[in-house]
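First comes the structure, then the notes that go with it.
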Number of protein chains: 2
Amino acid sequence: MGMDERKFRILQAIIDDYILTAVPVGSRTISKKYDMGLSSATIRNEMSDLEELGYLDQPHVSAGRVPSAKAYRLYVDQMLASGRIRSDRPEAVVAHLNARTHQMEDVIDQAAQVLSSLTNYTAVVLPPTKPQPIIRTLQLVPVTQNSVLVVVVTDGGIVRDSVIPVSGSLDADALYSISRSLTEQLSGHTLAEATAMLPQIAARMRDNERLLAQLGGFFEETEEHAQRGHVGIGGASNMLSYPEYSDAEKARGFLSLIETRDKLASIIAHHGDVAFTVRIGPETGVPEISDCSIVTATYSTRSGRQGTIGVIGPTRMQYSRVISVLGAMGQQLSQLFGTQDAEKESPKGSDQT
Amino acid sequence: MGMDERKFRILQAIIDDYILTAVPVGSRTISKKYDMGLSSATIRNEMSDLEELGYLDQPHVSAGRVPSAKAYRLYVDQMLASGRIRSDRPEAVVAHLNARTHQMEDVIDQAAQVLSSLTNYTAVVLPPTKPQPIIRTLQLVPVTQNSVLVVVVTDGGIVRDSVIPVSGSLDADALYSISRSLTEQLSGHTLAEATAMLPQIAARMRDNERLLAQLGGFFEETEEHAQRGHVGIGGASNMLSYPEYSDAEKARGFLSLIETRDKLASIIAHHGDVAFTVRIGPETGVPEISDCSIVTATYSTRSGRQGTIGVIGPTRMQYSRVISVLGAMGQQLSQLFGTQDAEKESPKGSDQT
DNA sequence: GTTAGCACTCACCGGTTGAGAGTGCTAACA
DNA sequence: TGTTAGCACTCTCAACCGGTGAGTGCTAAC
């Protein structure tokens, strides 16, 4: 028993129906609504096979079937391979995006807004990646017996600090000399480079291994934070209209994930160079949204820096629509940032003071 | 029958209990948990009176009583008058707010974060008000027979545009001459001034009354938008944990209100000069949150500009706690922005490019 | 290989019932 | 006159129950 053409057509019908209704779909529904020229009994047999193959789940014995993550995966791969997706509907995107202000952050926010209202899911827009900040100074300040405050100043005036625990007791003088030594060695390097250099340094001044390890974590965190600017989010409330999230506790979990923008951004952030990414259910790697899918696309600025746009929705997402809307939006943003790069990206202090 | 001391004490007990439990409170509960030295029957009589006076509502005949908005009002007024509120707990606020980055926007976001996690409600933080943008140019462009695109350029490079409907048909030339004339008259003025000037101008060139009226609205909208910078929001998902918002549709309404930051900001924005504002239920004037209360406080920068912080929660809010936390946070922000005003408020283009 | 038929399973709905909480009223009491 | 005990009454809520319908798996016939 393998996956033949007919099985695939039936599976597709099931997915289509389930995406529409969110109700487990039975054999009769398929044989009637989607005319396959087959009786419900035959469909039943095929469905049973599909379940055995892992494409369908059955909530309970006398309910219809529900597509599994594996099924959606197949469905989406097939869809992408067939080239049926064109990024159509640029008109809608243009219409919404056009007539407004032109600050970078506003564009980002608006893009998220438009994406969410066109798809009815939750949209996230990340600004183009930024060049890596370079360390200027690093300073350790004693706070209590076993914690120190670490302050990093980078070029561009970004300051970040945090309290980290230390094991041995270190007095102010010791900390100061460590600070000097670290500043000397790390100054001029990016945070990523610094992180890579720490183990070496730790080897040399091995009294403070634990401290330096902590420092590595802090660098990574700081870098992530510095990397991303304003994250645009739209339509978080849309999620509440899907029966998947009628459970208050689940909804709460989802929303608090959305609220922690840093976490959200690192989830959405595009890995690799492909035009689209589709992550389905558990593929997202985030337990809170294990029954969601994430579709992302990229756009790029004239200077070659890339930004990410993404849509989060239930696994029974209208993938084709989402992908096509994302495509259109990606193009639009690329165009917008491509043509007027300089203007858009540096709003100066104009509206800040 | 008036409001005597005893009635007030009973009312207070009812409110305290209801704030804690969200369950209609009965006479027996009061006589047992809060020892008043009165039997439940007596309390019952008093409660009946309180209901007649409009301080209590009864969901149905055999349920306990629930405080009305009027009751909360009395409760809060009394609390404020008694001076029982000191803005204590600055330690907690300081602890959370201290050890972090120092960009204006980050501080705002973090303040919202801290407020929401200390109160378990939804927090909103508005940045200090900005100086009014001044009009440089105004341009009208025909779009269709009965709509024109209006573009305003202000100092600071802020551009805003929008399509507005017009009645009579106007050709490009006519629009251009109107644009020139308007630019001439309005250039150099703030948007607020311009709004005030429009009626006069309309009187002079009275063919286009409707157009100018529309323009007024547009100015106001633009001003509002320009006025506010980044709005910090924290703990929107907290609201879902209260039984008041277990209804999905209601929760959705609340969240989409929170999502439209402009609207939210204008709701929160502080009117007047008082230290605190407490708006209870219908007093908020926003139907979507007619069973919420909003507490706001202000902070100010060295340059005398004011920002607003606010907390939104169910009407059965822990007012005293919220007010004290807001007080502490207000002080903290004032201090933060007061001492290092210049630095904090103009992050330059540093992290933008 | 396909289909009709049939027995079986279960979620879901609507009505019923009993328990519990709370009230309002009345009458007795201090 | 204010307070309290007692009691009948109301109404929600949760549990229970049986019927209904959708859907399945299996078998036997085509």
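Worth knowing before you read on, the calculation uses all heavy atoms, side chains too, and leaves out hydrogens, waters and symmetry mates. Just so we're on the same page: letters track the sequence lines, and every chain starts at 1.
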Closest to side chain of B/Ser62, choosing from D/dT10, C/dG24, C/dT3: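 That would be D/dT10.
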Nearest-neighbour nucleotide for the B/Ser39 side chain, D/dG25, D/dA5, D/dT24 considered: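 Nearest listed nucleotide: D/dA5.
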Check: A/Arg65 side chain, D/dG25 base, donor-acceptor under 3.5 Å: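 By the distance-only test, no, there is no pair.
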Donor-acceptor pair under 3.5 Å, A/Arg44 side chain vs C/dG5 base: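 Side chain to base: pair found, below 3.5 Å.
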Under 3.5 Å, side chain of [X] to main-chain N/O of [Y], donor-acceptor pair present?
X        : Y        : answer
B/Ser68  : B/Gly54  : yes
B/Lys250 : B/Glu244 : yes
A/Thr122 : A/Gly235 : yes

What is the distance, to the nearest angstrom, from the [atom1] atom on [X] to the [atom2] atom on [N]?
X       : N      : atom1 : atom2 : answer
B/Ile43 : C/dG22 : CD1   : P     : 13 Å
B/Met36 : D/dT4  : CE    : C1'   : 17 Å
A/Ile30 : D/dT24 : CD1   : C1'   : 15 Å
A/His60 : C/dC8  : NE2   : P     : 19 Å
B/Glu52 : C/dT23 : CD    : P     : 16 Å
B/Gln58 : C/dA21 : CD    : P     : 17 Å
A/Lys7  : C/dG1  : NZ    : P     : 10 Å
B/Asn45 : C/dA27 : CG    : C1'   : 13 Å

Phosphate-side-chain proximity, B/Arg28 and C/dG20, N/O vs OP1/OP2 below 4.0 Å: no
Sugar-phosphate, base or nothing in reach of B/Ala63, heavy atoms under 4.0 Å: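 Touches sugar-phosphate only.
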Sugar-phosphate, base or nothing in reach of B/Ser27, heavy atoms under 4.0 Å: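 Since only primed, P, OP1 and OP2 atoms lie under 4.0 Å of B/Ser27, the category is sugar-phosphate.
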Polar side chain donor-acceptor pair, A/Tyr34 to A/Asp17, under 3.5 angstrom: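 Yes - a donor-acceptor pair under 3.5 Å links their side chains.
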First of B/Val61 and B/Thr42 reached from the 5' end of DNA chain D, by closest nucleotide: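 Nearest-nucleotide comparison on DNA chain D picks B/Thr42.
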Pair partner, D/dT24 [Watson-Crick or wobble, under 3.5 Å]: C/dA7
Watson-Crick or G-U wobble partner of D/dC16, both distances under 3.5 Å: C/dG15
B/Val325, B/Ile312, B/Asn238, B/Val114 screened by side chain to side chain contact (heavy atoms under 4.5 Å, CB included) with B/Thr119, the one that passes: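 Among the candidates, only B/Val325 passes.
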